Each structure stands twice: as structure tokens, then as C-alpha cells.
Amino acid sequence: MRIASTWSFGLRANDAAWPHVEAGRALDAVEAACAWADSAPDVDSVGYGGLPDSSGRVSLDGCMMLSPARCGSVAGLRRHLHPVSVARKVMESTQHVMLVGPDADLFADEHGIAQEELLSPEARAAYEKWLREGGVVDQSRDRAGAPAAHALRPVDRRHGEDGRLFGGGALPADEARWRHHDTIGCLVLDAAGVLAGGCSTSGTPFKTPGRVGDSPIIGHGLYVDPEVGGATATGTGELIMGVCGAFLVVEAMRRGAGVEDAVREAAVRIARSYALEAHHQAAFLAMDRRGNIAAAALRPGYRTSVRDSDGARTAEPVFVAIPD
Ligand code: GLY
């Protein structure tokens with residue numbers, strides 16, 4: 001029985017999901033973890049806190065997966081806050097896997113899902129600043145404090161319980177560097193032994209309207225096969241999509257790789273496949289069917305949040321492809 005979510009804010013997402021993990025409700029757990037991140041105003045690449053596209057409008061993407069035969073996805077929601085909840089409706093009540101754009105919002109309306117405001121005042125202010133100042137979001141600064149790989153860290157409750165992730169310097173500097181890539185990906189092995197995953201994002205800040213990244217695409221941002229295990233991704237979607245990242249990790253496990261080697265293979269594949277820029281980051285989180293987990297990242301600053309019968313903690317990636 002375990003839940004693992006991307007980034008340090010995943011500690012609070014895991015807490016929201018934990019009662020469902022214990023009760024053997026893997027899908028509810030995935031939905032609760034992602035919904036927590038969607039609603040958090042200080043998580044600025046997911047949901048309400050998410051930064052808008054270049055037109056100033058937020059669009060949200062997400063998916064959920066139990067198996068190749070049971071998955072659902074939505075992209076480009078502009079009126080509904082919880083893409084994973086809408087994706088679950090797609091999975092459970094249609095013959096399809098993926099709905100996109102205004103029709104995905106209409107589908108959510110038809111299923112009684114309430115419309116919500118997606119643009120927070122902070123995200124609106126960041127957009128207006130971006131319009132005034134232009135340029136790209138600089139994620140190459142602030143390289144201090146990169147942790148050693150392989151280490152397990154005790155839970156830092158400063159960003160686990162007091163409601164502040166980024167305010168007051170609570171987030172470690174090396175992770176704050178990637179705050180605009182903080183898609184939530186979540187993998188659960190519940191008390192009944194059911195494996196499930198979910199992924200939710202607002203995508204790249206100030207993206208071209210209509211852009212969809214890896215997160216809602218089955219096999220890219222998320223893949224789960226109960227015979228093997230699951231994987232999810234976070235970071236620059238375009239890098240992850242070019243290597244079918246989550247599928248690559250699960251297929252490595254299917255061939256016999258352990259979780260550590262599987263995530264390492266995906267991170268190395270990205271490092272070798274692109275002319276990388278300083279702002280590029282990607283990370284893969286895997287869970288095998290026994291609940292073993294590992295993550296690998298392209299650059300330092302990524303960590304995984306874990307909760308299980310031993311409690312809550314953050315874990316450093318087992319491999320960083322490009323150490324600073
Ligand atoms: N990884 C999220 C995105 O690029 O949209």
C-alpha cells in the first residue's frame with residue numbers, strides 16, 4: 001500500500017488521498033491527490049494556480065489510467081478545474097479515451113461537474129508582468145542547494161502542513177527553480193492491491209493557445225499496466241512526448257528492468273535525444289506492481305513525495321542525467 005506523487009507539494013496531495021489508499025479505492029485516491037493540486041493556489045503549473053497561455057486564459061489537461069483497457073483523458077479544459085475527474089467520467093461512461101477542447105467542457109457540464117474559475121489573481125498578475133516584460137520564464141537560475149542523489153530525506157513539514165509551498169522560502173531552492181514544471185503525476189497501489197495513476201497540469205506557462213503536452217496523453221505523461229507497473233512524467237512535455245516517456249518506462253519494466261533502471265533509461269533517452277536548453281527539465285516516477293518506486297530526473301531539483309505504512313517522506317531521484 002503506497003502513494004507516490006511528483007514534487008514536494010505531493011506530500012499534501014498524498015495526505016488528501018491517503019484515506020482512499022487505505023480503503024482500497026485507488027481511483028478515488030488518484031482523483032483526490034490531483035484535485036488537491038488543482039485547487040492549491042501556490043502550485044502554479046496545475047489547476048487554479050496554473051499560469052495561463054499567451055492569450056491570458058488557463059487551459060487544463062489530465063488523465064487517469066488503471067490498465068490499457070481502462071483509461072480516460074481530457075485536454076484543453078477552460079471551465080472545469082479538475083481534469084482527472086472529467087477524465088474519469090470519460091473512462092467510466094464513454095467508449096472513448098480522450099476528449100478535447102470546448103466539447104470536453106460541454107461533456108463535463110453534461111455530467112454535472114460545476115464550472116469554476118481557473119485563473120488565480122497571482123497567475124493573472126504573473127501574466128500581466130510577462131506581457132509587460134516579455135521574454136521566457138527563466139528556469140536556469142538558482143542552482144544552489146542541489147541534493148545528493150540516492151538520499152532519502154525526512155519530511156520537511158514546513159512545506160507539508162502550514163499551507164505554504166513557495167511563500168516564505170519554504171520550498172528548497174533547487175526545486176523552486178523548476179516550479180513552472182510542477183505537473184502532478186501520481187501512482188497508487190491501494191490496500192486491495194489495485195494499481196492506478198493520474199496526471200494533471202496547466203501545461204507550459206504562456207504557451208501557444210491550443211498547445212497540449214505529455215500529461216493527458218496515455219503513454220506519454222502516464223501509463224499503467226497492472227501486469228507490470230505504472231509510470232508518470234513531469235517537466236517539459238515536448239521532451240517527454242518525443243520519447244513516449246511513461247510507456248518507455250513501463251516497457252523497460254516489462255522487459256525485466258527494475259524500477260530504478262527503467263526510470264534511468266527514460267532520463268538517459270531524453271538526454272541523448274535533444275539539444276537541451278538550460279530551462280529543460282523532465283522527471284519520471286515509476287511504481288512496479290509490488291509497489292516499489294523510483295524516480296529519475298534530467299537535472300537536479302526534482303524529488304518525489306511518498307506515503308505508505310512507514311509514513312510520509314520525500315525521496316531524491318535515483319539518477320540525475322545532467323548534474324549541475
Ligand atoms: N508536463 C506538462 C506539460 O508539459 O504540459
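Heavy atoms only: backbone and side chains are in, while hydrogens, waters and symmetry mates are out. Indexing begins at 1, ligand by ligand and atom by atom, following the structure's order. Note that the structure is predicted; figures quoted are calculated from it, not measured.
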Checklist entry - T201 and T183: which non-hydrogen atoms are nearest, and at how many Å? => result OG1-OG1, 3.0 Å
Using a strict cut-off of less than 4.0 Å between a Lys/Arg side-chain nitrogen and an Asp/Glu carboxylate oxygen, indicate whether [X] and [Y] qualify as a salt bridge.
X: R255; Y: E265; value: yes
X: R25; Y: D190; value: no
X: R307; Y: E22; value: no

Please list, in number order, the atoms of ligand 1 under 4.0 Å from a heavy atom of [X].
X: S215; answer: 1 (N), 2 (C)
X: G235; answer: 1 (N), 2 (C), 3 (C), 4 (O)
X: D214; answer: 1 (N), 2 (C), 3 (C), 4 (O)
X: G213; answer: 5 (O)

Checklist entry - Just how far is it from atom CZ of F247 to atom CD1 of I217, taken to the nearest 0.5 Å? => result 14.5 Å
Item to check | Within 6.0 Å of CD in E227, more than 12 heavy atoms from elsewhere | outcome: no
Next on the checklist: Please check whether G203 reaches ligand 1 - meaning an N/O of the residue sits under 3.5 Å from an N/O of the ligand, judged on distance alone.
Outcome noted: no
Item to check | Distance-only N or O hit between ligand 1 and R211, under 3.5 Å | outcome: yes
Checklist outcome for this item: Of T204, V46, T183, the residue with the heavy atom nearest atom 2 (C) of ligand 1 is T183
